[in-house]
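Down below is the structure, laid out as structure tokens.
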Amino acid sequence: MIFDEIKYWNKYPYGAAWEKIFVFLREIDARMEEKEYPIQGKDVFARVMSYDTRPPGEAKLEAHRVYADIQIMLAGTEIMEWFPTDSASVTTPYKEEKDVLFFQHTPDAPCRILARPGLFALFLPQDAHMPQLMAGSTPERIKKVVVKVRCDLLGL
């Protein structure tokens, strides 16, 4: 997992696909329509979405094998938790068609981050992650973009 300010995106040597992603991200804001945006066909694409954050018991701990996630808040804040996949118990086996598997959540996440506009989180296949968590005591409506990029395009 990488969690950093967007302005430092170029400090990571992930190649041409990485650069295309951040060119796209420089052009977006909270007024963007909620839909899927192709960046490089099905290899790299972005989904703009809104939802209400939730307590840990209602969110899902997930990981992917083919695609890495780059998650960026456009409006609002949420907590994201991180676990190494090799330390988490699988609850739903890998589904190739959706590139996802789910894990049992435990309350002792090794890392909790406060995601807000201006920051990005990169989750790789070894990173089980649980976004959508409330940053406060009540749900908040947030808007974010999740970029999906095939890991092999990042040299991984």
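- Contact of the K11 side chain with the D4 side chain is not registered, since no non-hydrogen atoms from C-beta on lie closer than 4.5 Å.
- When the options F3, F22, Y8 are evaluated for a side-chain contact (heavy atoms from CB on, under 4.5 Å) with F120, the one that passes is F22.
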Working for side-chain hydrogen bond (donor to acceptor under 3.5 Å, both in side chains), residues Y94 and D99: CA-CA 7 Å; Y94 181 70; D99 186 42; 2.7 Å; yes
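- F123 and H129 have parallel rings, their planes meeting at less than 30° on a 0 to 90° scale where 60° marks the start of perpendicular.
- No side-chain donor-acceptor contact under 3.5 Å links K143 to the backbone of L74.
- Here CD1 of I70 is found 10.5 Å from NZ of K148. Values are rounded to the nearest 0.5 Å.
- For E19, the CD atom counts as loosely surrounded, since its 6.0 Å shell holds 12 or fewer non-hydrogen atoms of other residues, nucleotides or ligands.
- Taking CD of E62 as the start and OG1 of T92 as the end, the distance is 11.0 Å to the nearest 0.5 Å.
- Formation of a donor-acceptor pair under 3.5 Å by the D69 side chain with backbone atoms of Q71 is not found in this model.
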Stepwise side-chain contact (heavy atoms from CB on, under 4.5 Å) check, L25 with I72: CA-CA 9 Å; L25 291 173; I72 296 166; 3.0 Å; yes
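- Taking a 6.0 Å sphere around CZ of R141, one finds it holds more than 12 heavy atoms contributed by other residues, nucleotides or ligands.
- The closest side-chain heavy-atom distance from F103 to V90 is below 4.5 Å.
- When the side chains of ILVMFWY residues are joined at heavy-atom separations under 4.5 Å, either directly or via intervening members, W18 and I39 end up in a single hydrophobic cluster.
- With T53 contributing its side chain and E140 its backbone, the two residues share a donor-acceptor pair below 3.5 Å.
- Environment of NZ in K60: sparse, with no more than 12 heavy atoms of neighbouring residues, nucleotides or ligands closer than 6.0 Å.
- In the hydrophobic clustering of this structure, L101 groups with Y67; members are Ile, Leu, Val, Met, Phe, Trp, Tyr whose side-chain heavy atoms approach within less than 4.5 Å, directly or through other members.
- Aromatic ring orientation, Y37 versus F24: tilted (interplanar angle from 30° to 60°).
- The shortest distance between side-chain heavy atoms of P55 and M134 falls below 4.5 Å.
- Side chains of L122 and Y14 form a contact here, defined as non-hydrogen atoms less than 4.5 Å apart.
- In terms of heavy atoms, G76 sits closest to P117 at O-CD, 3.2 Å.
- Criterion: ILVMFWY side-chain heavy atoms under 4.5 Å apart, direct or through other members. Under it, M1 and I6 are not part of a common hydrophobic cluster.
- Not one N or O on the side chain of E36 forms a donor-acceptor pair closer than 3.5 Å with the backbone of F45.
- For the pair L119 and M73, the minimum side-chain heavy-atom distance is 4.5 Å or more.
- T106 contributes atom OG1, which lies 8.0 Å from atom CG of L61 (distance to the nearest 0.5 angstrom).
- The two residues E34 and S50 make their nearest non-hydrogen contact at OE2-OG, 2.7 Å.
- Under the 4.5 Å side-chain heavy-atom criterion for Ile, Leu, Val, Met, Phe, Trp and Tyr, I2 and I21 are members of the same hydrophobic cluster.
- With contacts defined as side-chain heavy-atom distances shorter than 4.5 Å, the pair V66/R150 qualifies.
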Residue pair L133, E81: steps toward the side-chain contact (heavy atoms from CB on, under 4.5 Å) verdict: CA-CA 8 Å; L133 298 171; E81 291 188 347; 3.5 Å; yes
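- Under a hydrophobic clustering in which Ile, Leu, Val, Met, Phe, Trp and Tyr are joined whenever their side-chain heavy atoms come within less than 4.5 Å, directly or via other members, V146 and V149 fall into different clusters.
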